[in-house]
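Remarks on the structure that follows.
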Amino acid sequence: NADHPIHESQDRDGSDKLSFNYPNVRRWLREVDRDPEALLWNPNNFCGISFLATQNTHVLYPLNAVFLIFGPDHGMLATAILHGWLASLFAWMVLRRVVRNGPALVGAAVYGGGGWFLAHHDMIQFAHSAAWVPLMFLGADRAAARRGPSGPALLAFGFALSFLGGMPQITVLGLLAAGIACAATG
């Protein structure tokens, strides 16, 4: 298709990552609004895959609206920037509770702009899920300190968006780590 520089069967970086994610984003943008049954099956990716029931398609993730705004090509970059920024913001919110502002900023920059996020920018569901983990930490910390309903609300919100982001193992590990951190700090 002339209006898309990369055909669905092409691979951008020599790996399977974008050959799976990019076609699913394109299908979601192109067909789901016209045909709701397109949510059930994608016959064009590999030998066909379940679309809605596959975690990697992250169809129900609300911040996929980025792709509606920017399209699939620029949306991949926009979602990487947005989630790196969110991850840094939430990490800073957690870290400033235990260290001064300067070290909290450094820690936040390392989390959201460090090697792990940069290495996974093409496997977007990793960044989608990991961006919300610090918010789970903040919610768990506030809930453990019994600082009103904001703690459980932040924990639930972070958990839900992390889970919908497409990598539930990141969500579960983040929740486990947040619980351990709260138990360790008493």
Who pairs with Phe70 by ring pair (Phe, Tyr, Trp, His ring centres under 6.0 Å), at least two apart in sequence or on another chain?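 Partners of Phe70 by the ring pair (Phe, Tyr, Trp, His ring centres under 6.0 Å) criterion come out as none, since no residue qualifies.
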Ring pair (Phe, Tyr, Trp, His ring centres under 6.0 Å) with Phe137: which residues, sequence neighbours excluded?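 If we apply the ring pair (Phe, Tyr, Trp, His ring centres under 6.0 Å) test to Phe137, skipping adjacent residues, there are no hits.
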For [X] and [Y], which heavy atoms make the closest approach, and how far apart are they?
X      : Y      : answer
Ser162 : Thr171 : OG-OG1, 2.6 Å
Gly148 : Pro152 : O-CD, 3.6 Å
Pro134 : Ala87  : CG-O, 4.1 Å
Ala131 : His83  : CB-O, 3.6 Å
Met167 : Ser129 : N-OG, 3.0 Å
Pro62  : Leu161 : CG-CD2, 3.5 Å

What residue pairs, at least two apart or across chains, pass salt bridge (charged side-chain N to carboxylate O under 4.0 Å, His left out) with a residue in residues 78-94?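 For residues 78-94: none.
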Is there a path of hydrophobic side-chain contacts, each under 4.5 Å between heavy atoms of I, L, V, M, F, W or Y residues, that connects [X] with [Y]?
X      : Y      : answer
Phe90  : Leu175 : yes
Ile69  : Tyr61  : yes
Val110 : Val99  : no
Met136 : Trp85  : yes
Ile81  : Met123 : no

Who else is in the cluster with Val172 when I, L, V, M, F, W and Y are joined by side-chain contacts under 4.5 Å?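 Listed partners: none, Val172 stands alone.
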Hydrophobic cluster mates of Ile180, side-chain heavy atoms under 4.5 angstrom, ILVMFWY only, any path?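 Ile180 clusters with Leu176.
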At what distance, to the nearest 0.5 angstrom, does OG of Ser150 lie from CG of Leu155?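 Answer rounded to 0.5 Å: 11.0 Å.
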Filter on side chain to side chain donor-acceptor pair (under 3.5 Å), then keep only pairs touching residues 100-118, sequence neighbours left out; what's left?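 Matches after skipping sequence neighbours: Trp92-Asn101.
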Any residue meeting side-chain contact (heavy atoms from CB on, under 4.5 Å) with [X], in chain and number order, not counting sequence neighbours:
X      : result
Leu60  : Leu52, Leu164
Leu82  : Leu63, Val66, Leu86
Leu138 : Met93, Val94, Arg97, Leu135, Arg142, Leu154
Phe67  : Val25, Trp28, Leu29, Asn64, Met76, Thr79, Ile124

Which donor-acceptor pairs under 3.5 Å do side chains of residues 102-109 form with protein atoms, sequence neighbours excluded?
none

Summary of ring-ring contact (aromatic ring centres under 6.0 Å, His included) pairs that have at least one residue in residues 153-181, sequence neighbours excluded: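 Checked against ring-ring contact (aromatic ring centres under 6.0 Å, His included) - neighbours excluded - the pairs reaching residues 153-181 are Trp132-Phe157.
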